[in-house]
Amino acid sequence: MTSQDFAPTAGTAARLPQERRVVTEIPGPRSRELQQRRIAAVPPGVGSVLPVYVTDADGGVVVDADGNSLIDFGSGIAVTNVGNANPRVAERVARQAGRFTHTCFMVAPYESYVAVCERLNRLTPGDHEKRSFLVNSGAEAVENAVKIARYATGRQAVVVFDHGYHGRTLLTMTLTAKNMPYKQGFGPYAPEVYRMPMAYPYRWPTGPANCGPEAAAQAIEQITKQIGASNVAAVVVEPIQGEGGFVEPAPGFLPAIAEFCRESGALFVADEVQTGFARTGDLFACEHEGIVPDIVTTAKGIAGGLPLAGVTGRAEIMDRVHGGGLGGTYGGNPLACEAALAVLEEIEEGGLVERARRIGEIMLPRLRELAGRYPAIGDVRGRGAMIAIELVREGTKEPDPELTAEIARRCHARGLLVLTAGTYGNVLRFLPPLVIPERLLLEGLDVIEAAFAL
Ligand code: PLZ
């Protein structure tokens with residue numbers, strides 16, 4: 001290891017060689033065989049970005065059934081922030097699995113659940129008194145946040161934004177903006193959901209400088225005129241939009257929306273499912289503009305890949321719901337709670353917030369330089385280790401989803417796992433594990449550059 005490398009747990013070396021190694025076509029013969037079995041067993045509604053079948057993963061690499069070692073710029077969609085199979089996570093989960101795997105917290109509780117909630121209460125933005133409870137997925141967390149907001153306010157309307165993504169359950173699919181593939185044919189949708197304009201700097205008609213205040217003013221006017229401020233239970237927003245294409249709201253937008261919520265008695269719900277746990281170079285993305293949400297939803301990065309999600313909110317809001325009104329069989333499963341405790345230690349001891357910032361400092365200038373040479377790159381954006389480029393037809397802002405898919409394919413073929421995103425399918429997004437060795441991060445950027453040069 002060089003001094004630029006990062007060990008997932010202080011003092012441990014990576015278990016797998018941290019290298020890009022392409023030994024077959026991607027996907028290779030073994031993966032293609034498995035894909036045939038899958039097609040006969042799994043409905044096509046469940047997709048896979050890249051059907052290489054994974055046999056091992058560690059640090060910044062994913063190894064497939066054909067022996068290819070891919071650089072991971074996806075982290076399982078912002079989940080394995082501390083690295084895949086992080087040794088501390090693996091060890092704590094294994095130890096717990098040898099003791100008890102489940103009691104159901106609603107039947108007979110255990111300490112690790114409480115410890116995770118204590119940490120969420122301490123670490124999420126704001127130093128007010130908080131309560132947390134645990135569920136299984138991001139969608140379940142958002143859905144519960146809305147239930148609690150409606151209960152606490154006695155109001156029904158929920159405000160969301162263009163390009164937003166909040167999940168695939170009936171309510172959260174309704175909150176999600178994009179029709180294909182998330183909503184098409186799955187209606188009718190849940191009632192009392194209202195969508196407002198988003199401060200999307202690159203696409204704001206009067207330019208990025210005006211975007212924050214103008215978008216906030218438009219959203220607030222529409223809320224006031226169309227719904228009535230006093231009917232709004234919650235405004236649900238991602239502090240950087242994930243599936244929507246890493247849209248970083250223009251400065252001033254989130255503070256203005258939060259202020260509107262304070263004045264009107266609506267609850268500000270920050271969906272930090274994709275942005276949380278050091279991903280953006282802050283522990284939570286809301287910290288960037290000093291936003292203190294009433295409720296925060298977390299998932300993904302919280303437990304290194306074990307299914308866990310959290311709902312954290314002001315004590316006076318959370319404590320309103322009657323006894324037994326919240327829960328679920330697996331919520332806060334003991335294996336997932338142990339994983340979360342390990343993840344939080346890794347973030348702190350490994351300096352992963354700073355590490356995410358450093359990743360952004362390396363990626364952004366390289367990609368901006370690339371954008372200078374390739375006019376198809378219309379925008380370079382993001383914070384920390386949540387970085388994206390938006391691809392357009394030359395000389396216009398017209399989205400180019402075909403080129404985006406082609407660049408992603410070229411990266412995949414060369415052993416770099418990248419993801420796409422965006423309402424128009426024209427965003428390449430990069431979410432490396434925060435523990436990726438710097439050398440591998442640079443090599444990944446070389447692969448992206450080569451994909452454009454072809
Ligand atoms: N809120 C902000 O990013 C999940 C979705 C992948 P779940 N994003 C990845 C897919 O195509 O299903 C997400 C998110 C934000 C909520 C969710 C939902 O989290 O754990 O997937 O339910």
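Because the structure is a prediction, the values reported are computed rather than measured. Remember, it's 1-based here, ligands and their atoms both numbered in the order they're listed.
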of all protein heavy atoms, closest to atom 16 (C) of ligand 1 is H166 O, 3.3 Å
Is a donor from one side chain sitting under 3.5 angstrom from an acceptor on the other, for H166 and T176?
no
Atom 6 (C) of ligand 1: of T275, V79, V49, I77, the nearest heavy atom sits on I77
So the atoms of ligand 1 within less than 4.0 Å of a heavy atom of E238 turn out to be 2 (C)
Could you tell me whether atom 19 (O) of ligand 1 has a protein heavy atom closer than 4.0 Å?
yes
(request) Could you walk me through whether F260 and F268 pass the ring pair (Phe, Tyr, Trp, His ring centres under 6.0 Å) test, one step at a time? (result) CA-CA 9 Å; F260 166 79; F268 185 100; over 10 Å; no
### Message
So, 4.0 Å and heavy atoms of S137: is ligand 1 close enough to count as a contact?
### Response
yes
Quick note on ligand 1: atoms under 4.0 Å from a heavy atom of G138 include exactly 7 (P), 18 (C), 19 (O), 20 (O), 22 (O)
Counting neighbours of CD on E259 that are heavy atoms of other residues, nucleotides or ligands and sit closer than 6.0 Å, is the number greater than 12? yes
Only one of T312, L341, V114, T124 passes side-chain contact (heavy atoms from CB on, under 4.5 Å) with R119, and that residue is L341
So the side chain to side chain donor-acceptor pair (under 3.5 Å) pairs with at least one residue in residues 335-344 (sequence neighbours excluded) are R92-E338
If you scan protein heavy atoms around atom 22 (O) of ligand 1, the nearest is A139 N, 2.8 Å
Atom 11 (O) of ligand 1: closest protein heavy atom, distance to 0.1 Å, is R168 NH2, 2.8 Å
Looking only at side chains, do Q184 and Y182 share a donor and an acceptor under 3.5 Å apart? no
Here the atoms of ligand 1 under 4.0 Å from any heavy atom belonging to Q274 are 3 (O), 8 (N)
- Between E221 and Q226: side-chain donor-acceptor atoms closer than 3.5 Å: no
Would you say V269 and V237 make side-chain contact, with heavy atoms under 4.5 Å?
no
Looking only at protein heavy atoms, what sits closest to atom 1 (N) of ligand 1 is D271 OD2, 2.7 Å
heavy-atom search around atom 8 (N) of ligand 1 in the protein gives K300 NZ, 3.1 Å
